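Accompanying notes for the structure given below.
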Amino acid sequence: MLNLTEELKALSLQAFKALFDQDLDENLIQIQPTRKEFEGSHTLVCFPLSRFSKLNPEQTAGAVGVYMQENSELVSGYNVVKGFLNIVIADKVWLKIASDILNTPNYGFKVATGREVMVEYSSPNTNKPLHLGHLRNNFLGYSVAQILKANGNKVHKVQIINDRGIHICKSMVAWQKFGEGETPESANMKGDKLVGKYYVIFDQKYKAQIAGLVEAGKTQEEAEKEAPLIKEAQEMLLKWEQKEPETYALWEMMNEWVYKGFENTYKTMGVDFDKLYYESQTFSLGKEEVLRAVEEGLAYKKEDGSVWIDLTEEGLDEKLLLRKDGTSVYMTQDIGTAILRYRDFPKIEQQIYTVGNEQEYHFKVLFIILAKLGYEWAKNCYHLSYGMVDLPTGKMKSREGTVVDADDLMEDMFATAKSRTDELGKIDGFNAEEAEELYRQLGLGALKYYLLKVDPVKRMMFNPEESIDFQGNTGPFIQYVHARICAILRKAEQIGVKPSVSENLNSLEPTENNVLQLIIDFPNKIDEAANGYAPSIIANYVYEVAKAYNKFYSEVSIFNESDQEALAFRIGFSKIVAETIEKSMNLLGADVPEKM
RNA sequence: GACCCCGUAGUUCAACGGAUAGAAUUGGAGUUUCCUAAACUUUAGAUGCAGGUUCGAUUCCUGCCGGGGUCACCA
């Protein structure tokens, strides 16, 4: 397919050769979109070129403009504003491109390049239900995976489940002591919520014990160490490590509850994984690697038996790799997990970790350690870091109950979608099932779009009352445009108009031209989003497309067109737009309804 | 204390070093005998401060101010 930007770059180089006898470096040629107040679609920036033309930027632009119009069939006109050469592409060229796009089913997506990557996201603790922060994480990771796939990568979606450690034992102890045999069934609760409940109970009772001990004269520190509950949890961890059958069975049962609950939530969220890793299966490998590192002199053992690695040469600190009792820490298991993944998928060229920005230091250290351990691939590991989601009430803290629960939030979104839809009363023909599906698509679309349109590095504010809207720059706005186009396509089919692009058309509407300019940029946007791991680029792009089409829709009446070729073009053109919107929204993990 | 990230309309977000800093929302004024008004048109409103580099700085560099984070034998 014709790549206008590349063609115009080549044409610019050609012009400089012909007019000024200069062989320019291609990197000097800047083609950018024309500002909408000027005529034209592509703009050549001439300021950096004037020293080669020996003319001022304005004269340079004029000379190149004349050359382009005379020597290329692509260019039908130009205008010069200061040092900017605004180029007008011939309508015939636009029509040819539109025709090509209409006939390219996978338009925008690259063919498989053979490159293989792994994307990790979610990776929750098993004793806390998923919350708003996890939603940003999951939507981001899933969307990046989709975008990388569209850009020609083979993608493996994975997560690491934190299924062992003292925190799990806390929930287990609390359940044993205070649970009275409660199960998700008997309590009529999701399993993850039930386990989360006991984690909170543990925390409350533990705090009470500490307070009691402090009252009895202990220091805070002593009290924290000596409280009976924490001792029980520590004993439980030891029993677990020795695989004491009763403890292990309890652990398995409660984990199973959590997994069932999570699975349910992931399903609602519309994300999935190709393979799950469990910390309980990777920490031993991490330990082995650390011991190997000690043997090879990369790490060292202190007198108390703890193992450390010295990263002062890299400008970092010394880092603990194994506790003095030989048990593994967070870093140990991440070392093991990374290595295991490359054993499972030897062909992956990159591992992408979707984890909050508070762990930047951790991943920096992890990648250095892996490199020191001799793993070549470590240099390609990437921490996809993102900022926290803030609430108007302040920070999210699970212990203080200021989290927004993922399940609850999604249910709220669906309810909002329902009431909004009922108000508008446009879905008379829908049965109950179809209506539910629509609410799901709209609610999730709003939520995903809201969380993804922001640049990941930024902290973002989430106001449950005000933030999620269905009007303006939102998911439902974009979904609405798609639904309207679908209505047009249905009507076209009824009256027997086939979408097609004839190059004999006389002219394009300006609003059509604006939309087409955006559509031809779709592959570049995917590339840009993939290179920057940035779904926000796709989100902002699809919004532009939807907005531009809305303008066309309000200005041009499609079915009043008497010329059959022009009518068929508008149908075809609309079809392209609908497809681009659908693909873009799918890259964000959102669906688009055909009616709403 | 050291290091990292972020400061743009009242609010929530945009802007490969490029033109008069875009949207949405809020407020004001309009549009429906015509394809879905969850839409469209119009109006009002912003780059934390001070330097520097550049033809050109929201963007790059330095300092300051403000917000957040990290530097655990927690994960």
Side-chain angles (χ1 to χ4, degrees), chain A residues 30 32 34-38 43 45-48 50-51 56-57 81-84 86 123 125 127 162 164-168 279 302 304-308 315-317 319-325 327-331 333-334 356-362 364-365 385 387-388 390 395 417 420-421 423-424 426-427 442 446 450 453-455 457-463 466-467 469-481 483-492 524 528 532 536-537 539-540 543-544 546-547 550-551 553-561 570-571 574 595-596:
Chain A
Q30 285 180 60
Q32 58 188 41
T34 304
R35 286 182 73 97
K36 61 179 171 212
E37 62 264 38
F38 303 116
T43 293
V45 184
C46 294
F47 297 96
S50 65
R51 65 191 176 99
N56 69 35
V81 180
K82 295 188 215 168
F84 297 95
N86 300 324
S123 306
N125 265 339
N127 51 0
N162 238 308
R164 65 171 280 281
I166 188 77
H167 51 292
I168 312 297
E279 186 188 333
K302 281 191 180 169
D304 64 2
S306 57
V307 175
W308 296 76
L316 304 171
D317 300 320
K319 196 79 194 169
L320 178 81
L321 296 180
L322 283 180
R323 295 193 187 97
K324 64 183 171 207
D325 63 2
T327 55
S328 63
V329 291
Y330 183 35
M331 189 60 76
Q333 62 114 357
D334 268 3
N357 62 7
E358 70 276 7
Q359 297 201 32
E360 269 166 20
Y361 184 74
H362 172 78
K364 197 173 173 187
V365 170
S385 166
M388 197 179 288
D390 282 318
K395 269 185 173 178
R420 195 84 185 97
T421 304
E423 252 170 61
L424 294 166
K426 293 185 187 176
I427 55 162
L442 293 177
Y450 184 81
K453 74 175 178 188
V454 182
D455 185 341
V457 307
K458 293 193 174 163
R459 263 182 104 98
M460 64 183 296
M461 173 62 75
F462 184 86
N463 185 333
E466 297 168 12
S467 291
D469 207 335
F470 285 57
Q471 283 161 1
N473 185 356
T474 65
F477 171 94
I478 294 155
Q479 290 169 317
Y480 178 66
V481 177
R484 281 211 299 204
I485 296 177
C486 287
I488 289 168
L489 297 180
R490 281 192 298 269
K491 182 167 176 183
N524 300 332
E528 207 181 310
S536 59
I537 288 177
N540 290 316
Y543 175 65
E544 289 296 318
K547 209 169 147 56
N550 265 352
K551 198 172 170 69
Y553 184 92
S554 68
E555 284 182 17
V556 179
S557 177
I558 295 173
F559 290 104
N560 281 344
E561 177 62 59
R570 289 196 182 137
I571 302 301
S574 298
K595 272 188 199 170
M596 65 184 272

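Keep in mind it's a predicted model, so treat the numbers as computed, not measured. Chain letters run A, B, ... following the sequence lines, proteins first and then strands; every chain starts at 1. Only heavy atoms go into these numbers, but all of them, side chains included; no hydrogens, no water, no symmetry mates.
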Quiz item: Who passes side chain to side chain contact (heavy atoms under 4.5 Å, CB included) against A/Val556, sequence neighbours left out?
Solution: A/Glu509, A/Thr511, A/Phe552, A/Arg570
Self-check item: Nucleotide nearest A/Arg459 when distance is taken to its side chain, options B/G68, B/U36, B/U41
Solution: B/G68
Quiz item: In Watson-Crick or G-U wobble terms, both distances under 3.5 Å, what is the partner of B/C34?
Solution: none
Quiz item: Considering residues at least two apart in sequence or located in another chain, which fulfil the salt bridge (charged side-chain N to carboxylate O under 4.0 Å, His left out) criterion with A/Arg35?
Solution: A/Glu37
Quiz item: Of the candidate nucleotides B/C40, B/U70, B/C73, which contains the atom at the shortest distance from the side chain of A/Glu358?
Solution: B/U70
Quiz prompt | Distance in angstrom units between A/Leu320 CG and B/C71 C1', rounded | solution = 14 Å
Exercise. Decide if the gap between the ring center of A/Tyr450 and the ring center of A/Phe462 is smaller than 6.0 angstrom.
Key: yes
Practice problem: Output, in order, the C-alpha distance, side-chain angles, deciding distance and verdict of side-chain hydrogen bond (donor to acceptor under 3.5 Å, both in side chains) for A/Asn357 and A/Arg459. | Solution: CA-CA 10 Å; A/Asn357 62 7; A/Arg459 263 182 104 98; over 6 Å; no
Self-check item: Nearest-nucleotide 5' precedence on RNA chain B, A/Gln333 against A/Thr421
Solution: A/Thr421
Exercise. Just compare B/A39, B/C40, B/A14 and give me whichever is closest to any side-chain atom of A/Arg484.
Key: B/A39
Quiz prompt | Any residue meeting side chain to side chain donor-acceptor pair (under 3.5 Å) with A/Thr327, in chain and number order, not counting sequence neighbours | solution = A/Arg323, A/Asp325
Quiz item: Hey, does A/Leu424 reach any base, or is it just sugar-phosphate, or nothing, if we go heavy atoms under 4.0 Å?
Solution: base
Quiz item: Atom CD1 of A/Ile485 and atom OH of A/Tyr480: how far apart are they, to the nearest 0.5 Å?
Solution: 11.5 Å
Quiz item: Looking across every strand, which nucleic acid part, if any, lies under 4.0 Å from A/Phe477 by heavy atom: base, sugar-phosphate, or nothing?
Solution: sugar-phosphate
Exercise. Looking at every strand, decide which applies to A/Val45 at a 4.0 Å heavy-atom threshold: base, sugar-phosphate, or nothing.
Key: base
Exercise. Look at the side-chain N and O atoms of A/Arg490 and state whether any lies under 4.0 Å from the OP1 or OP2 oxygen of B/U36.
Key: no
Quiz item: Watson-Crick or G-U wobble partner for B/G45, using a 3.5 Å limit on both distances?
Solution: none
Self-check item: A/Glu358: salt bridge (charged side-chain N to carboxylate O under 4.0 Å, His left out) partners, not counting sequence neighbours
Solution: none
Quiz item: Considering residues at least two apart in sequence or located in another chain, which fulfil the side chain to side chain contact (heavy atoms under 4.5 Å, CB included) criterion with A/Gln30?
Solution: A/Gln32, A/Val45, A/Pro48
Quiz item: Which nucleotide, B/C71, B/C13, B/A75, lies nearest any side-chain atom of A/Lys453?
Solution: B/C13
Interface polar pairs with nucleotides 1-5 of chain B, N/O, under 3.5 angstrom:
| from | atom 1 | to | atom 2 | distance (Å) |
| --- | --- | --- | --- | --- |
| B/C4 | O2' | A/Glu360 | OE1 | 3.2 |

Quiz item: What does nucleotides 20-32 of chain B look like as a protein-contact string, B for base, S for sugar-phosphate only, - for none, at under 4.0 angstrom between heavy atoms?
Solution: S-SSSS-------
Quiz prompt | Distance-only donor-acceptor test, A/Ser306 side-chain atoms vs B/C73 base atoms, 3.5 Å | solution = yes
Quiz item: With sugar-phosphate meaning primed atoms plus P, OP1 and OP2, does A/Asn86 contact a base, only sugar-phosphate, or nothing at under 4.0 Å between heavy atoms?
Solution: base
Quiz prompt | Pairing residues for A/Tyr553 by the side chain to side chain donor-acceptor pair (under 3.5 Å) criterion, not counting sequence neighbours | solution = none
Quiz item: A/Phe462 CZ to B/C13 C1': how many Å, rounded?
Solution: 15 Å
Quiz item: Does A/Gln471 have any side chain to side chain donor-acceptor pair (under 3.5 Å) partners at least two apart in sequence or in another chain, and if so, which?
Solution: none
Practice problem: Scan A/Met460 against the nucleic acid and name what it touches under 4.0 Å (heavy atoms): base, sugar-phosphate only, or nothing. | Solution: sugar-phosphate
Quiz item: Please give, in whole Å, the distance from B/U11 P to A/Asp390 CG?
Solution: 15 Å
Practice problem: Indicate, with a heavy-atom threshold strictly under 4.0 Å, whether A/Thr327 touches base, sugar-phosphate, or nothing. | Solution: nothing
Quiz item: Looking across every strand, which nucleic acid part, if any, lies under 4.0 Å from A/Gln359 by heavy atom: base, sugar-phosphate, or nothing?
Solution: base
Exercise. Round to the nearest Å and state the distance from A/Met331 atom CE to B/C73 atom P.
Key: 12 Å
Quiz item: More than 12 foreign heavy atoms under 6.0 Å from NZ of A/Lys302: is that the case here?
Solution: yes
Quiz item: Hey, does A/Asp325 reach any base, or is it just sugar-phosphate, or nothing, if we go heavy atoms under 4.0 Å?
Solution: nothing
Practice problem: Please work out if A/Leu442 contacts a base, only the sugar-phosphate, or nothing of the nucleic acid, heavy-atom cut-off 4.0 Å. | Solution: base
Practice problem: Assess whether atom CZ of A/Arg490 is packed by more than 12 heavy atoms of other residues, nucleotides or ligands within 6.0 Å. | Solution: yes
Quiz prompt | Any residue meeting side chain to side chain donor-acceptor pair (under 3.5 Å) with A/Glu279, in chain and number order, not counting sequence neighbours | solution = A/Arg164
Practice problem: Output the single nucleotide from B/A37, B/A14, B/C35 whose closest atom is nearest the side chain of A/Ile558. | Solution: B/C35
Practice problem: Would you indicate what A/Tyr361 reaches in the nucleic acid, counting non-hydrogen atoms under 4.0 angstrom: base, sugar-phosphate, or nothing? | Solution: sugar-phosphate
Practice problem: Looking at every strand, decide which applies to A/Val307 at a 4.0 Å heavy-atom threshold: base, sugar-phosphate, or nothing. | Solution: nothing
Quiz item: How do A/Pro476 and A/Tyr553 order along RNA chain B: which one's closest nucleotide is nearer the 5' end?
Solution: A/Tyr553
Give me the distances for all protein-to-nucleotides 52-57 of chain B N/O pairs that come in under 3.5 Å?
none

Exercise. Determine the contact category for A/Asn560: base if any of its heavy atoms lies under 4.0 Å from a base atom, sugar-phosphate if only primed atoms, P, OP1 or OP2 are that close, otherwise nothing.
Key: nothing
Quiz item: For A/Phe559 and B/U36, what is the distance between atoms CZ and C1' respectively, to the nearest whole Å?
Solution: 13 Å
Self-check item: 4.5 Å side-chain heavy-atom contact, A/Arg420 and A/Leu442
Solution: no
Exercise. Among B/C35, B/C73, B/G18, find the nucleotide with the atom closest to the side chain of A/Ser557.
Key: B/C35
Self-check item: Length of the line joining A/Asp317:CG and B/C73:C1', which is rounded to integer Å
Solution: 15 Å
Self-check item: Set of residues satisfying salt bridge (charged side-chain N to carboxylate O under 4.0 Å, His left out) with respect to A/Lys364, sequence neighbours excluded
Solution: none
Self-check item: Atom pair distance, as rounded to whole Å: CD1 in A/Ile478 and C1' in B/C13
Solution: 13 Å
Quiz item: Once you round it to whole Å, what is the distance between P of B/A75 and CG of A/Leu322?
Solution: 12 Å
Quiz item: Hey, does the side chain of A/Arg323 come within less than 4.0 Å of B/C74's phosphate (OP1/OP2), counting only N and O?
Solution: yes
